[in-house]
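Structure first, then comments.
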Amino acid sequence: MSAATTTPPAATNGVHASPVEYVKALPPEDKQAVFLSLLREALAENGDAGLLPVDDENGKPFGYYVPPKAAAEIAERELPKLSPERERELADRLTRLHTAVPIEQVISELRGQAEQARTAQP
């Protein structure tokens with residue numbers, strides 16, 4: 001954590017900023033450190049083998065954090081099993097991502113071909 005902000009923001013009218021306002025005032029790298037610290041604490045209290053529900057400040061569901069251990073277990077249980085050949089094919093494709101064609105280019109080419117086909121008909 002950087003030493004940029006080491007004390008809470010100054011009090012306004014004798015009232016210190018809330019913890020949320022304090023964190024909002026931190027530089028991005030310090031916010032990251034606070035977030036990771038709180039996440040680690042939540043995982044220590046709730047375990048890392050399942051989904052961790054995240055509620056907003058009003059207690060309404062906001063989303064879920066999926067710890068890596070839980071994600072691996074879910075993937076193992078839910079995703080289809082691939083054959084060794086398919087695994088090799090996918091691994092090979094990952095080595096050739098630089099040869100992929102952007103979808104915008106594909107759409108543009110298809111539109112051009114469609115236009116040519118329309119104008120070529122008698």
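The shown structure was predicted, so the numbers you read here are calculated from the model rather than taken from an experiment. Atoms considered below: every heavy atom in the structure, side chains included; atoms not considered: hydrogens, waters and symmetry mates.
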Margin query: Please determine whether residues Leu110 and Val101 belong to a single hydrophobic cluster, defined as Ile, Leu, Val, Met, Phe, Trp and Tyr linked transitively by side-chain heavy-atom distances below 4.5 Å.
Written below: yes
Next item on the list: Could you grab the distance from atom CZ of Arg40 to atom CG of Asp48, nearest 0.5 Å is fine?
Entry: 12.5 Å
Check: Linking I/L/V/M/F/W/Y whenever their side-chain heavy atoms sit closer than 4.5 Å, directly or via other members, would Leu26 and Leu38 fall into one cluster?
Finding: yes
Margin query: Using the rule that Ile, Leu, Val, Met, Phe, Trp and Tyr join whenever any side-chain heavy atoms are under 4.5 Å apart, tell me whether Tyr64 and Ile74 fall into a single cluster.
Written below: yes
Note to self: Please determine whether residues Leu51 and Leu43 belong to a single hydrophobic cluster, defined as Ile, Leu, Val, Met, Phe, Trp and Tyr linked transitively by side-chain heavy-atom distances below 4.5 Å.
What the structure shows: no
Check: Between the side chain of Lys81 and the main-chain N/O of Glu76, is any donor-acceptor distance below 3.5 Å?
Finding: yes
Next item on the list: Of all the heavy-atom pairs spanning Leu82 and Arg86, show the shortest one and how long it is.
Entry: CD2-CG, 4.0 Å
Notebook entry, point to check: Between Glu109 and Gln105, is any side-chain donor less than 3.5 angstrom from a side-chain acceptor?
Noted result: yes
Check: Short question: side chain of Asp56, backbone of Asn58 - any donor-acceptor pair under 3.5 Å?
Finding: yes
Checklist line | Other residues, nucleotides, ligands: >12 heavy atoms within 6.0 Å of Tyr65 OH | finding: yes
Next item on the list: Nearest 0.5 Å please: distance from the CG atom of Leu94 over to the CD atom of Glu89.
Entry: 10.5 Å
Next item on the list: Grab the two heavy atoms, one from Pro67 and one from Gly50, that are nearest each other, plus how far apart they are.
Entry: CD-O, 3.2 Å
Checklist line | For Glu85, salt bridge (Lys or Arg N to Asp or Glu O under 4.0 Å) partners two or more places apart | finding: Arg88
Item checked: hydrophobic_cluster_shared for Phe35 and Tyr22, side chain cutoff 4.5 Å -> no
Note to self: Please check if the number of heavy atoms outside Lys24 that lie under 6.0 Å from its NZ is greater than 12.
What the structure shows: no
